[in-house]
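Each chain gets a letter, A, B and so on, in the order its sequence line appears, and its residues count up from 1.
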2 protein chains.
Amino acid sequence: MVLPRAARTQRRTRIQEEKEELILEAALDVFATHGFRGSTIDQIAEVAGMSKPNLLYYFRTKEAMHRALIDRVLDSWLDPLREFDAEGNPVSEIRSYIRRKLEMARDFPRESRLFANEILQGAPHIEDELKGPLKTLVDEKAEVIRVWAKAGKIAKCDPYHLIFAIWSTTQHYADFDVQVRGVLGEERSGDGRFEDAARFLEQLFVSGLEIKEESA
Amino acid sequence: MVLPRAARTQRRTRIQEEKEELILEAALDVFATHGFRGSTIDQIAEVAGMSKPNLLYYFRTKEAMHRALIDRVLDSWLDPLREFDAEGNPVSEIRSYIRRKLEMARDFPRESRLFANEILQGAPHIEDELKGPLKTLVDEKAEVIRVWAKAGKIAKCDPYHLIFAIWSTTQHYADFDVQVRGVLGEERSGDGRFEDAARFLEQLFVSGLEIKEESA
DNA sequence: TGATAATTTGACCGGTTGGTAAAACATTAC
DNA sequence: GTAATGTTTTACCAACCGGTCAAATTATCA
């Protein structure tokens, strides 16, 4: 008997495990480059190498696929920010946060674009996550930064906008990759651009947040 | 007699002028929030308040509409960078470039999202512009920055990545607006966030590019 | 005013879209 | 091995998509 996916309560088959993995991998490809509305189930099915109805056997709707993908990716996407350590040295914490975010942009550009597409289009599917878990996490880390600034360990600045700046500058290399490579030209479009970016951004943020001795 | 749009060689009617304006306005709305593939002609027609065939009387295809929009917007989008003055004071040039870009993010978020969508999805319609006029302009301004750095007027840095950083941090407030407002919360989602952002970014880039006296 | 050209509309078309039904096929448990 | 369950496919549907057509309507101007 064929049970609708949602009704299957527990115990997933080996095949289920494998195929769902395969599908989400394909879905990431497609959603990341075309956004939700611009993607078609047929397209995902083709990338996954299976028929559309077969795909719909594992995820009953396009929405369900997208949901599953977001859920899986969002968590790991926030890991670098979670690792941000209140006890650590402020400058090196910020420096390594930048580096980690840049590594993610380099190694997981599709994940970055998945969110970028989603947020650009008004975040219709992840509004709750934005205002919930994400906001909570950012609030927490912003407080850490605020305390650092107050204690005179880094320059006074708005911690939220600092976080936004780190997000935008690093994710830029994933989301706007075509533009970056287009502008840099063929010669500079190798992986070296990430090292150059890391060097520049670390310099920018580290000197940019240094304490200015106004009254010593 | 009804002439196909492309065959009309010159002399546009008042109505043509008005309607084309109306359509491009509506198209900007729709393309900016859904991307090219995610947008439908019906949708644009509805926003423009006219029937689909009527809309197609002015622009014969969806592509033509998108093309016209890109052409109209791209030029003005690059104005702030063009104003970047080699003769001016480096710090104040950079500062006012940031401010102008931030003003555009505030006043023309749809235009920003139109490009963001396009580039995010691989820039299928503007690849030539990226590698042509845009690259040329950036090359030119990057050279200006390089000379400034060489002359010791600002810190040594990769000018291309500096430009990318300014683009990404400022456009972030247009492209990722939902996220920014979600994270800042209701209280801080007023227009004040742009002033806060301006203050932070000017501080970041100005101190970040200050000369460090290593050997005086 | 009337002729002429410009604009607008409703009906329509072939292809694509998200999704379904049912039967064929494969796998597993006993 | 066989029965039960899990998986895949073929055929299909209604809604939507980009776009066409011809007729109806409106604006322009001699």
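Residues forming a side-chain contact (heavy atoms from CB on, under 4.5 Å) with A:Ala149 (at least two apart in sequence, or on another chain): A:Ile154. Residues meeting the side-chain contact (heavy atoms from CB on, under 4.5 Å) test with A:Thr33, sequence neighbours left out: none. Under the ring pair (Phe, Tyr, Trp, His ring centres under 6.0 Å) criterion, A:Phe36 pairs with A:Phe31, A:His66, A:His125, sequence neighbours left out. Taking A:Arg146 as the reference, A:Glu143 meet the salt bridge (charged side-chain N to carboxylate O under 4.0 Å, His left out) condition, with sequence neighbours excluded. In this structure, the side-chain contact (heavy atoms from CB on, under 4.5 Å) partners of A:Gln203, at least two apart in sequence or on a different chain, are A:Ser207, B:Ala155, B:Cys157. Scored by the salt bridge (charged side-chain N to carboxylate O under 4.0 Å, His left out) test, B:Glu129 finds B:Arg67 as partners (sequence neighbours excluded).
Between A:Ser51 and D:dT9 there is a side-chain polar atom (N or O) within less than 4.0 angstrom of OP1 or OP2. Residue B:Asn54 places no side-chain N or O under 4.0 Å from the OP1 or OP2 atom of C:dT7. Look at B:Tyr58 and you won't find any side-chain N or O under 4.0 angstrom from OP1 or OP2 of C:dA6. The side chain of A:Tyr57 contributes no N or O atom lying less than 4.0 Å from OP1 or OP2 of D:dT8.
Rounded to an integer number of Å, the gap from B:Lys19 NZ to C:dA6 C1' is 11 Å. The interatomic distance linking A:Glu18 (CD) with C:dA26 (P) rounds to 17 Å, in whole Å. Taking atom CG on A:Leu22 and atom P on D:dT7, their separation rounds to 14 Å, with Å as the unit. Between the P atom of D:dG18 and the CZ atom of B:Phe59 lies a distance of 16 Å, rounded to the nearest Å. For the pair B:Glu46 CD and D:dC16 C1', the interatomic distance rounds to 14 Å; values are reported in whole Å. In this structure, B:Met50 places its CE atom 8 Å from P of C:dT9, rounding to the nearest Å.
Across residues 114-127 of chain A, not one residue has a non-hydrogen atom less than 4.0 Å from an atom of DNA chain C.
Look at B:Arg82 and B:Asp75 and you find a salt bridge, because one of the NZ, NE, NH1 or NH2 atoms lies within 4.0 Å of a carboxylate O, short of that distance. A salt bridge links B:Arg72 with B:Glu21; the closest basic N to acidic carboxylate O contact falls under 4.0 Å.
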Show which side-chain atoms of residues 159-169 of chain B pair as donor or acceptor with protein atoms under 3.5 Å away, not counting sequence neighbours.
residue	atom	partner	partner atom	Å
B:Tyr160	OH	B:Asp139	OD1	2.5
B:His161	ND1	A:Tyr173	OH	2.6
B:Trp167	NE1	B:Tyr97	OH	2.8
B:Ser168	OG	B:Phe164	O	3.0
B:Ser168	OG	B:Ala165	O	3.1
B:Thr169	OG1	B:Ala165	O	2.7
B:Thr169	OG1	B:Ile166	O	3.2

For nucleotides 14-20 of chain C, print each protein N/O atom paired with a nucleotide N/O atom at under 3.5 Å, atom names and distance only.
residue	atom	partner	partner atom	Å
C:dG18	OP1	A:Ser39	O	3.2
C:dG18	OP1	A:Lys62	NZ	3.1
C:dG18	OP2	A:Ile41	N	2.9
C:dG18	N7	A:Lys52	NZ	2.9
C:dG19	OP2	A:Lys62	N	2.8
C:dG19	O6	A:Lys52	NZ	3.4

